[in-house]
Amino acid sequence: MPVGTVGSVKAVHPRELKNDIRAEIILGNTYHLYLRPGTDVIRAGGGIQEFNGWKGPMLTDSGGFQVFSLATARKITEEGVTFRSHIDGSKCLFTPENVMDIQRSIGADIIMAFDECPPGTSEYPYALKSLALTERWLKRCIARFRETAPLYGYEQALFPIVQGCVYKELRQRAAENIARLNMDGNAIGGLAVGEPAEKMYEMIEAVNSILPEDKPRYLMGVGTPENILEAIALGVDMFDCVMPTRNGRNGMLFTTEGMINIRNEKWKKDFSPLDPEGICFTDTDYTKAYLRHLVKSDEILGLQICSVHNLAFYMWLVREARKKIEEGVFSVWKTGILKKITNRL
RNA sequence: GGGGAGAUACCAAAGCGGCCAACUGGGGCAGACUGUAACUCUGCUGACUUAUGUCUUCGUAGGUUCGAAUCCUGCUCUCCCCA
């Protein structure tokens with residue numbers, strides 16, 4: 001098990017970083033986790049701010065996943081994807097080229113290739129065709145990326161994305177092609193989209209045996225705390241996921257003691273802290289009973305607290321993982337901690 | 001004192017002779033949520049039991065009817081208006 005992969009990358013607490021921090025953390029609906037030096041979260045939506053005293057680089061996605069998740073109103077062609085804006089109904093076109101341009105102008109440190117993300121249930125012939133398209137698009141992305149310059153005086157990194165659905169030979173082929181490109185980091189996409197978790201782990205293992213260990217390997221869109229720890233065990237360095245915020249907004253809290261649904265009446269008179277570990281100010285400043293009251297009363301503050309807490313939990317989780325890797329006890333720790341945190345309270 | 005309205009399951013509120021164990025919200029219970037437009041979605045919520053089964057429910061006591069939460073009468077309580 002390539003557990004050593006993450007450990008081989010030097011872990012640095014973001015507070016120890018000074019001049020080399022340039023990107024502010026933008027806390028909104030999305031966050032990103034990055035296990036490489038000096039990196040711990042975050043991005044997107046609603047004003048630049050720090051998150052719980054942390055700072056990190058910014059990452060933007062290409063819109064490839066939206067093509068998958070908003071599947072109703074889109075058309076995929078060789079040129080790119082056309083779809084209707086959910087805002088004003090106007091017709092939009094994403095191409096590998098304009099997606100690179102857009103991400104240049106947003107100025108993220110890490111930008112993603114434009115790919116197609118087929119459903120986890122796709123048959124082989126479609127997966128094959130889809131991967132071929134993704135690979136042609138990747139060439140165009142890289143070409144555009146190389147013929148344009150960053151707009152704000154610092155370099156940006158373009159990560160290609162390994163696709164191939166649940167077909168090992170496709171994943172391996174994709175990984176080999178991408179490894180040869182020698183980009184700054186590499187991503188694994190098209191997982192946790194309907195296939196069984198075991199299949200996902202199988203694919204990660206196959207891909208990570210090919211992608212270079214000395215560059216970040218980014219598993220896109222994953223996942224549950226369990227998924228993340230399993231993926232780390234398989235050598236993944238970097239994640240992003242809506243789960244802490246979306247599930248938080250829906251009243252689900254991840255804590256070091258287990259998962260709780262804060263809406264449940266059992267918390268009505270529970271004045272204990274959200275998380276005894278005290279990972280974040282939310283955990284000690286608010287009680288479960290108060291948070292439940294906020295959520296039940298439709299006070300937006302309740303959902304904010306849930307989101308911030310869950311983000312802090314995810315960061316705690318990967319921080320611990322990093323520490324345990326460095327101490328050489330990751331596997332044992334993983335087994336124990338999973339039992340705790342996946343427990344429903 | 002006079003006139004009027006109403007009492008339905010934990011709460012609110014439909015139903016106004018059979019299709020009602022009773023619409024719909026809320027509450028409660030359970031589940032979902034994985035490269036985020038969206039503080040969202042789904043199921044259950046009388047009892048026994050788990051089946052196109054039985055039993056007990058719509059303030060209370062009677063009555064009419066093959067059949068009543070629904071119609072009639074008495075009683076109890078609540079609310080509104082005028083004095």
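What you see below is based on every heavy atom in this structure, not just the backbone, and it leaves out hydrogens, waters and symmetry mates. Quick note on labels: first sequence line is chain A, next is B, and so on, each numbered from 1.
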> C1' atom, B:rA12 versus B:rU65: distance in rounded Å?
Replying inline: 33 Å
> With rounding to whole Å, what would you report as the distance between B:rA61 and B:rC10 at their C1' atoms?
Replying inline: 27 Å
> Just wondering, more than 12 heavy atoms not from A:E78 lying within 6.0 Å of its CD?
Replying inline: yes
> Between A:I260 (CD1) and B:rC29 (C1'), how many Å, whole number?
Replying inline: 16 Å
>> Would you say A:Q66 places a side-chain N or O within less than 4.0 Å of OP1 or OP2 belonging to B:rA37?
In response: yes
> Within the structure, does a side-chain N or O atom of A:R263 lie under 4.0 Å from either OP1 or OP2 of B:rC39?
Replying inline: no
> Which is true for A:G251 with a 4.0 Å heavy-atom rule: it touches a base, it touches only sugar-phosphate, or it touches nothing?
Replying inline: nothing
> So which nucleotide does B:rC79 pair with, by the Watson-Crick or G-U wobble rule with both distances under 3.5 Å?
Replying inline: B:rG4
> Looking at B:rG28, B:rU40, B:rG35, which one has an atom nearest to any side-chain atom of A:N250?
Replying inline: B:rU40
> With a 4.5 Å limit on heavy-atom distance, are the side chains of A:N310 and A:L253 in contact?
Replying inline: yes
> Can you tell which of B:rC39, B:rG28, B:rG35 lies closest to the side chain of A:V242?
Replying inline: B:rG35
> In terms of side-chain heavy atoms of A:N264, which of B:rU34, B:rG28, B:rA30 is nearest?
Replying inline: B:rA30
> Ignoring hydrogens and angles, does a donor from either the side chain of A:N261 or the base of B:rG31 sit under 3.5 Å from an acceptor on the other?
Replying inline: no
> Would you call the rings of A:F254 and A:F313 parallel, tilted or perpendicular if under 30° counts as parallel and over 60° as perpendicular?
Replying inline: parallel
>> Can you measure A:E198 atom CD to B:rU34 atom C1' for me and round it to whole angstrom units?
In response: 16 Å
> Given the P atoms of B:rU60 and B:rU50, what is the spacing between them in whole Å?
Replying inline: 31 Å
> Donor-acceptor pair, A:R140 side chain versus A:E79 backbone, under 3.5 Å?
Replying inline: yes
>> Quick check on RNA chain B: between A:K266 and A:D115, whose nearest nucleotide comes earlier from the 5' end?
In response: A:K266
> Distance between the P atoms of B:rG35 and B:rC20, in whole angstroms?
Replying inline: 44 Å
> When the P atoms of B:rG67 and B:rU56 are considered, how many whole Å apart are they?
Replying inline: 16 Å
> A:C117 near the nucleic acid: base, sugar-phosphate alone, or nothing, with a heavy-atom cut-off under 4.0 Å?
Replying inline: base
> Please give, in whole Å, the distance from B:rG35 C1' to A:Y314 OH?
Replying inline: 14 Å
> Over how many whole Å does the gap from A:I204 atom CD1 to B:rG35 atom P extend?
Replying inline: 14 Å
> Would you say B:rA32 has OP1 or OP2 under 4.0 Å from some side-chain N or O of A:R344?
Replying inline: yes
> Can you say whether the rings of A:F114 and A:F94 are parallel (under 30°), tilted (30 to 60°) or perpendicular (over 60°)?
Replying inline: perpendicular
> Can you tell me if the side-chain N/O atoms of A:R246 get under 4.0 Å from OP1 or OP2 in B:rU40?
Replying inline: no
>> Nearest heavy atom decides the nucleotide; on that basis, is A:K296 or A:Q163 closer to the 5' end of RNA chain B?
In response: A:K296
> Does any donor atom in the side chain of A:D109 or A:Y154 lie under 3.5 Å from an acceptor atom in the other side chain?
Replying inline: no
>> With a 3.5 Å limit on both atom pairs, tell me what B:rG43 is paired to, counting Watson-Crick and G-U wobble, or say none.
In response: B:rC29
> Tell me: CG of A:L303 to P of B:rC33, nearest whole Å?
Replying inline: 19 Å
> Quick one: does A:D298 reach the base of B:rC39 with a side-chain donor-acceptor pair under 3.5 Å?
Replying inline: no
>> Would you measure the distance from the P atom in B:rG43 across to the matching atom in B:rG25 and give it in whole Å?
In response: 11 Å
> For atom C1', what is the distance between B:rA21 and B:rA68, given to the nearest Å?
Replying inline: 15 Å
>> In whole Å, I'd like the distance from the CZ atom of A:F65 to the C1' atom of B:rG35.
In response: 6 Å
> Taking the side chain of A:S62 as heavy atoms from C-beta outward, which of B:rC33, B:rG35, B:rU34 is closest to it?
Replying inline: B:rG35
> On a whole-Å scale, what distance lies between the P atoms belonging to B:rA37 and B:rA47?
Replying inline: 42 Å
>> Quick check for you: among B:rU34, B:rC39, B:rC29, whose closest atom lies nearest to any side-chain atom of A:R249?
In response: B:rC39
> In whole Å, what is the span from the NZ atom of A:K268 to the P atom of B:rG27?
Replying inline: 11 Å
>> Expressed as a whole number of angstroms, how long is the span from A:L345:CG to B:rA30:C1'?
In response: 16 Å
> Is there a Watson-Crick or G-U wobble partner for B:rA38 with both distances under 3.5 Å, and which nucleotide is it?
Replying inline: none
> Across the strands shown, which category fits A:M252 at heavy-atom distances under 4.0 angstrom: base, sugar-phosphate, nothing?
Replying inline: base
> Between A:S272 and A:K288, do the side chains contain an N or O donor and an N or O acceptor separated by less than 3.5 Å?
Replying inline: yes
> For the atom pair CZ (A:F159) and OG (A:S62), what is the distance rounded to the nearest 0.5 Å?
Replying inline: 13.5 Å
> For B:rA61, what is the paired nucleotide under Watson-Crick or G-U wobble rules, both distances under 3.5 Å?
Replying inline: B:rU73
>> Using a 4.0 Å heavy-atom cut-off, does A:L191 contact any base of the nucleic acid, only the sugar-phosphate backbone, or nothing at all?
In response: nothing
